[in-house]
Amino acid sequence: TKTPQMAEVYQWFAFPDWAYKPESSPGSRQIQLWHFILELLQKEEYQNVIAWQGDYGEFVIKDPDEVARLWGIRKCKPHMNYDKLSRALRYYYNKRILHKTKGKRFTYKFNFSKVVLVNYPLLDMAANSPFLLTQNPFNGKKNPVFVWLI
DNA sequence: GACGGAAGCA
DNA sequence: TGCTTCCGTC
């Protein structure tokens with residue numbers, strides 16, 4: 001399985017300001033759900049809540065109620081639940097950000113074929129070979145490599 | 001549970 | 001526009 005390598009890759013995932021909605025947009029500077037999902041996935045303390053599992057880009061929501069609760073806190077939506085959160089995830093299907101892993105409960109997959117590196121064009125070739133990122137020269141927290149899905 | 005239409009909200 | 005809310009259907 002590729003999962004351990006992925007854990008390394010996402011350890012230094014970070015989201016710059018521009019990854020959030022601009023102030024002009026309604027719902028200004030609100031985090032997007034898929035940002036939030038990646039944010040949880042990169043933190044070891046949430047491995048019992050949500051974790052990479054199976055194929056590359058595939059993750060399992062191990063505790064749907066808890067993910068919904070955390071999302072609700074972040075968005076100030078105290079009545080958030082998995083039914084509503086999963087509807088938001090299903091809207092990602094047409095946007096090609098996510099798709100469902102059919103037959104596997106609470107399992108979704110990021111369309112990482114669309115991953116590009118922004119800010120560091122020299123590492124752009126890594127988009128087709130994400131594991132090159134494990135050798136990233138900006139390992140320190142000072143210069144995280146920003147990753148964006150298109 | 002998973003899907004997707006429909007309406008609503010900021 | 002990116003959800004949130006609600007719900008009928010499978």
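All heavy atoms count here, side chains included; hydrogens, waters and symmetry mates do not. Just so it is clear: chains get the letters A, B, ... in the order the sequence lines come, proteins before strands, and each one is counted from 1.
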Round to the nearest Å and state the distance from A:H79 atom NE2 to C:dT5 atom P.
8 Å

Using whole Å, what does the distance between atom C1' of nucleotide C:dT4 and atom CG of A:N81 come to?
10 Å

Counting only side-chain nitrogens and oxygens, does A:K84 get under 4.0 Å of the OP1 or OP2 atom of C:dT5?
yes

Rounded distance (Å) that lies between atom C1' of C:dT1 and atom CD1 of A:I97:
12 Å

Mind jotting down which residue pairs meet the side chain to side chain donor-acceptor pair (under 3.5 Å) criterion with at least one end in residues 75-84 of chain A? Sequence neighbours excluded, please.
A:Y82-A:Y108

Can you check whether A:Q30 has a side-chain N or O nearer than 4.0 Å to OP1 or OP2 of B:dA10?
no

What's the shortest heavy-atom distance between A:V49 and A:L70, and which atoms?
CG1-CD1, 4.5 Å

A:K75 side chain near C:dT4 phosphate (N/O to OP1/OP2, under 4.0 Å)
yes

Regarding A:K77, tell me which of base, sugar-phosphate or nothing describes its non-hydrogen contacts under 4.0 Å with the strands shown.
sugar-phosphate

List the atom of A:M80, the atom of A:A68, and the distance in Å for their closest heavy-atom pair.
CG-O, 3.4 Å

Check the distance between C:dC3's P and A:L98's CG and give it to me in whole angstrom.
10 Å

Between A:I50 and A:F59 the two heavy atoms that sit nearest each other are CD1-CD1, 3.8 Å

How is A:L33 classified with respect to the nucleic acid when contacts are heavy atoms under 4.0 Å: base, sugar-phosphate, or nothing?
sugar-phosphate

Each nucleotide N or O in nucleotides 2-6 of chain B that has a protein N or O under 3.5 Å away: list the pair and distance.
| residue | atom | partner | partner atom | Å |
| --- | --- | --- | --- | --- |
| B:dA2 | OP1 | A:K100 | NZ | 3.4 |
| B:dA2 | OP1 | A:F106 | N | 2.8 |
| B:dA2 | OP2 | A:Y82 | OH | 3.0 |
| B:dC3 | OP2 | A:Y93 | OH | 2.7 |
| B:dG4 | N7 | A:R87 | NE | 3.2 |
| B:dG4 | N7 | A:R90 | NE | 2.9 |
| B:dG4 | N7 | A:R90 | NH2 | 3.3 |
| B:dG4 | O6 | A:R90 | NH2 | 2.7 |
| B:dG5 | N7 | A:R87 | NH2 | 3.0 |
| B:dG5 | O6 | A:R87 | NE | 2.8 |
| B:dA6 | N6 | A:Y91 | OH | 3.3 |

Atom-to-atom span, CG of A:N94 to C1' of C:dG2 - whole angstrom:
14 Å

Examine C:dT4: is either OP1 or OP2 under 4.0 Å from a nitrogen or oxygen in the side chain of A:W71? Give yes or no.
yes

Summary of salt bridge (Lys or Arg N to Asp or Glu O under 4.0 Å) pairs that have at least one residue in residues 99-112 of chain A, sequence neighbours excluded:
A:D55-A:K109, A:E58-A:K104

Test item: A:L98 and A:L33 side chains (from C-beta on) under 4.5 Å apart, heavy atoms:
no

When rounded to whole Å, the CZ to C1' distance for the pair A:R74 and C:dG2 reads 16 Å

A:L89 CG to C:dG2 C1': how many Å, rounded?
12 Å

Test of understanding: with side-chain hydrogen bond (donor to acceptor under 3.5 Å, both in side chains), list the residues that count as partners of A:Y91, not counting sequence neighbours.
A:R87

